[in-house]
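Below is one structure, written out as structure tokens; comments come after it.
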There are 2 protein chains.
Amino acid sequence: MFSIGELSKRTKVKVPTIRYYEEMGLLPEAERTSGNQRRYDIAGLERLSFIRHARDLGFSIEAISSLIELQDHPDRSCEAATDIASSQLTNVRTKIRRLKTLERELSRISKGCNGEGVSEDCYVLASLADHNLCDGEHQKP
Amino acid sequence: MFSIGELSKRTKVKVPTIRYYEEMGLLPEAERTSGNQRRYDIAGLERLSFIRHARDLGFSIEAISSLIELQDHPDRSCEAATDIASSQLTNVRTKIRRLKTLERELSRISKGCNGEGVSEDCYVLASLADHNLCDGEHQKP
DNA sequence: TATACAATCTCTAGTAGCTAGAGGTTCAAG
DNA sequence: CTTGAACCTCTAGCTACTAGAGATTGTATA
């Protein structure tokens, strides 16, 4: 059994974040010492690693909740899990596509001014003021 | 002079968002009717278009504040503006790089399970539980 | 001109996923 | 037994909005 600080060190998840995950129901309520401090075992460590890994891959807390729910029921169909993963993949791909559009546009705008003039003549500012100077549409990222 | 609703329609920025921008200091305090409703002119429309355009390109409110500050002083050097734009470009490129790593990993994981089995045997869940099943490291997105 | 009703006003609170700080208690080493 | 780091709970703050309550205003139509 080890403390929350030790768990934090081993998983690289910050202490307040661990408490937050517990509050959100991602982690079960930890056992406590007589003095009310949290104590964890290997199972706790594994679960937190799972969560961290999923967060690193961009899964939302809600999605992770569902994944954990499935993990806790080894006999259930894993269709939901593959659905969550593939929709996350779709999310990521959508974001990449949008960011690439932004990148092209920003790069084009950036090249338009070397920063040596005054703002009145700045192509960066002019581009932002006038959408017509843009190549195409951009959506919110 | 037109109402906030009209401005919203023309710029495709939602009404509460316009008020929020005013509160944040991105928009100057609007003129009011005798009955306290906001009225805008073309200058207001242009400024809001500028803001929306910058937001669409992913600039933060803070960055936009600086850009507007420069826009209001046509005689100042525009170095800050080009700096902001290029650091935004760097941001975007960093995000793309990270997301691409995620994409590879998610795609690999996703392919590992067709969702027809039970969760005990699910490669998606197994991958999340065990980082060793991953190709490489991933950072937070 | 009266009325109806859409649009506006301000204010508060909520979203995601944490992070920071105050003020107090517990654990563990020396 | 003392000391100080680590822990506890609670509240508030971050970004960029969004939603809703309850009250007021603007305007089109009868």
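Numbers restart at 1 for each chain; the letters A, B, ... are given by sequence-line order, proteins then strands.
- Contact check for A/Gln88 versus B/Ser110: no side-chain heavy atoms found under the 4.5 Å cut-off.
- Nucleotide D/dA16 holds its P atom 13 Å from the CZ atom of B/Phe59, rounded to whole Å.
- Rounded to a whole Å, the CG atom of A/Asn91 is 15 Å from the P atom of C/dA16.
- Protein atom CZ of A/Arg52 is 11 Å distant from nucleotide atom P of C/dC18, rounded to whole Å.
- In this entry the distance linking CG of B/Leu27 with P of D/dA16 reads 15 Å, nearest Å.
- A sub-4.0 Å separation between OP1 or OP2 of C/dT19 and a side-chain N or O of A/Thr17 is present.
- Within the structure, a side-chain polar atom (N or O) of B/Thr33 is placed less than 4.0 Å from OP1 or OP2 of D/dG26.
- In this entry the distance linking CE of B/Met1 with C1' of D/dG26 reads 15 Å, nearest Å.
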Discussion item. Base contacts versus sugar-phosphate-only contacts with protein, heavy atoms under 4.0 Å: please encode nucleotides 7-12 of chain D as B, S and - from 5' to 3'.
Written reply: SSB---
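- The environment of A/Glu6 atom CD is dense: over 12 non-hydrogen atoms of other residues, nucleotides or ligands sit within 6.0 angstrom.
- The shortest heavy-atom contact between B/Leu26 and B/Ser65 is CD2-OG, 3.3 Å.
- Regarding B/Glu23, its CD atom lies at a distance of 13 Å from the P atom of D/dC17, rounded to whole Å.
- Judged by a 6.0 Å distance limit and a 45° cone about the ring axis, B/Arg10 is not positioned over the six-membered ring of B/Tyr40.
- A salt bridge between A/Arg108 and A/Glu105 is present, with a side-chain N of the basic residue lying under 4.0 Å from a carboxylate O of the acidic one.
- For the OP1/OP2 pair of D/dC17 and a distance below 4.0 Å, the side-chain nitrogens and oxygens of B/Tyr21 include at least one atom meeting the criterion.
- Per the geometry, CD belonging to B/Glu62 stands 15 Å off C1' belonging to D/dG13, to the nearest Å.
- Phosphate contact (OP1/OP2 of C/dT19, side-chain N/O of A/Lys14, threshold under 4.0 Å): present.
- If you take CD1 of A/Ile61 and C1' of C/dG14, they are 17 Å apart, rounded to a whole angstrom.
- The number of heavy-atom neighbours closer than 6.0 Å to CD of A/Glu79, taken from other residues, nucleotides and ligands shown, is 12 or below.
- For residues 114-134 of chain A, the set of pairs meeting the salt bridge (Lys or Arg N to Asp or Glu O under 4.0 Å) definition, not counting sequence neighbours, is empty.
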